[in-house]
There are 2 protein chains.
Amino acid sequence: MCGVRATSVCNAIEDAHLGRLAAVAVTIEADPGKAFIEEGESADNFFNITAGTAKLFKLLPDGRRQITGFAGAGHFLGLAVSDTYAFSAEAVDKVRYCRFSRRRLRGLLDDFPAMEKRLLELATNELVAAQEQMLLLGRKTALERLASFLVVRSRLGGPCTPRRTRVTLPMTRSDIADYLGLTIETVSRTMTKLRADKLIELPGPHDVVLRDLANLERIAGGLM
Amino acid sequence: MCGVRATSVCNAIEDAHLGRLAAVAVTIEADPGKAFIEEGESADNFFNITAGTAKLFKLLPDGRRQITGFAGAGHFLGLAVSDTYAFSAEAVDKVRYCRFSRRRLRGLLDDFPAMEKRLLELATNELVAAQEQMLLLGRKTALERLASFLVVRSRLGGPCTPRRTRVTLPMTRSDIADYLGLTIETVSRTMTKLRADKLIELPGPHDVVLRDLANLERIAGGLM
DNA sequence: CGAGCAATTGAGACAAGTCAAAGCTGGTGG
DNA sequence: CCACCAGCTTTGACTTGTCTCAATTGCTCG
């Protein structure tokens, strides 16, 4: 039950009705930096990431940015109650995704309640992650935020897969900062501190080796 | 379409199948301070608030608390993917709520896909609110956070009802602080500043009169 | 090899936190 | 009926974690 396909929207119907899904889906590639959802625009499409990583974010008028999440393979974007998107999305690295017409998807949902069920499950998952992120943003220190981020990254691919001690961060320091509610400089300094404390190694800006996962998890949980 | 019943879980089935829902629901009253969901405990029940206000929160081991939301009449609690709750809930004032067995609700959902649809809509709404709160916690100043809080409170009861210029805050300063990622003292000082700037009046600690909603909204949106 | 961007490091500033002391207020019992 | 207590809120003085501004280093790719 673990792995990318288990968390995919398509999963619930792919098995039974692959054909009808394929008929309304368009596969698209987006290069790094390419924006494919703009906050406030008409929410006509659903998206399902199949490769790469996208960042989801909201902006304030003066340019302050909060990244609300990173969406990897299997992630699903575009749930919206109102008829406009509540956030923007941009490719971090090379991203491949399926695009569905929202109108047509509605028809599919009526025919296949199982897919509705799956969507609810996904939304619930997102909600739990969002609450965890609120705890991080509202109450954790810079050190705890970065440790949390690295620990979560080490568990990508589901709670069942073994944790990776080598983590790849496709995003920039600026993205990490905007995700953790910090500045670039604080992210950089905190990375350096974690390295000085022998908790991680930094072979390059986009690679982190977690040398002491147990202590990183302690810090992430708020036990300095 | 606006009002409490429109955002209630029950709504989708009440009209058609009120009987079966009532059969599995238990109505309960909780006094202020009473905890009725504990993070980490077995998620056996769903809850639907029908009166009063509850606070939902997560704790760190050292006692730091993040309130992830306030749930008023019509709100729905207990969505969980895993079999344990991801947050705790406690009554702010006198709360009345319906409790459903999760196991039995599952049966209802299978029979009434419309209810599943309604739940997805609710979860999506929550998700949008959660993203907005992440922006607040990660990127807004104390003044912007409090202004945002007051503006949202003035719109309780849905986007369709006229905004109230008199807002009642059933929760304490400590609750507001833990919701906005601030301290009690900062909340208090910021309230005082808003009053000094003639944006609000404070007849009592639990009542606020919004004297200049337009400017409060400007501040809330990040335009200091 | 150098231009351009990302990341790191440093020094000083400031928003919000901490610690401490009054004020207020609502409920209770003498 | 009112004084007192306990808890909440406000205000004040000081500290600090993180931000801002600025300079330097390192990497990637024409």
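What you see is a predicted model, and the numbers here were worked out from it, not measured in a lab. Side chains included, hydrogens not; waters and symmetry mates left out as well; all remaining heavy atoms used. Protein chains get the first letters and strands the later ones, always in sequence-line order, with residue 1 at the start of each.
Across all strands shown, B/Thr172 has heavy atoms under 4.0 Å from sugar-phosphate atoms exclusively, and none from any base.
The distance between atom CG of A/Leu182 and atom P of D/dT20, rounded to the nearest whole Å, is 11 Å. Atom P of nucleotide D/dG17 and atom CZ of A/Arg139 are separated by 16 Å, given to the nearest angstrom. Taking atom CG of residue B/Leu169 and atom P of nucleotide D/dC8, one finds them 16 Å apart after rounding to whole Å. Separating the CG atom of A/Asp93 from the P atom of C/dA6 is a distance of 15 Å, rounded to the nearest angstrom. Separating the CD atom of A/Glu185 from the P atom of C/dA11 is a distance of 15 Å, rounded to the nearest angstrom. Straight-line distance from the CG atom of B/Leu143 to the P atom of C/dA15: 12 Å, rounded to whole Å. Atom pair A/Met191:CE and D/dT25:P shows a separation of 22 Å (rounding to whole Å applied). Taking atom CE on B/Met171 and atom P on D/dT9, their separation rounds to 11 Å, with Å as the unit.
If you look at A/Phe47 and A/Phe76, their ring centroids are not closer than 6.0 Å. Side-chain rings of B/Phe57 and B/Phe87 stay apart, their centers remaining 6.0 Å or farther from each other. You'll find the ring centres of B/Phe36 and B/Tyr97 inside the 6.0 Å limit.
Checking C/dT9, D/dT11, C/dA16 against the side-chain heavy atoms of B/Arg195 singles out D/dT11 as nearest. The nucleotide whose nearest atom lies closest to any side-chain atom of A/Arg173 is, among C/dT9, C/dA16, C/dT8, C/dT8. Of the candidate nucleotides D/dC19, D/dT10, C/dT9, D/dT10 has the atom nearest to the side chain of B/Ser188.
Residue whose closest nucleotide on DNA chain D sits further toward the 5' end, between A/Pro205 and A/Lys140: A/Lys140. Of the two residues contacting DNA chain C, namely A/Leu202 and B/Pro203, the nearest-nucleotide position lying further toward the 5' end is that of A/Leu202.
One N or O donor and one acceptor, one from the side chain of A/Arg189 and one from the base of D/dT20, sit under 3.5 Å apart.
Between the side chain of A/Arg139 and the main chain of B/Leu182, a donor-acceptor pair closer than 3.5 Å is present. With hydrogens and angles ignored, the 3.5 Å screen pairs no side-chain donor or acceptor of A/His75 with any backbone N or O of A/Ile49.
Considering only side-chain N and O atoms, A/Thr192 lies nowhere under 4.0 angstrom from the phosphate OP1 or OP2 of C/dT8.
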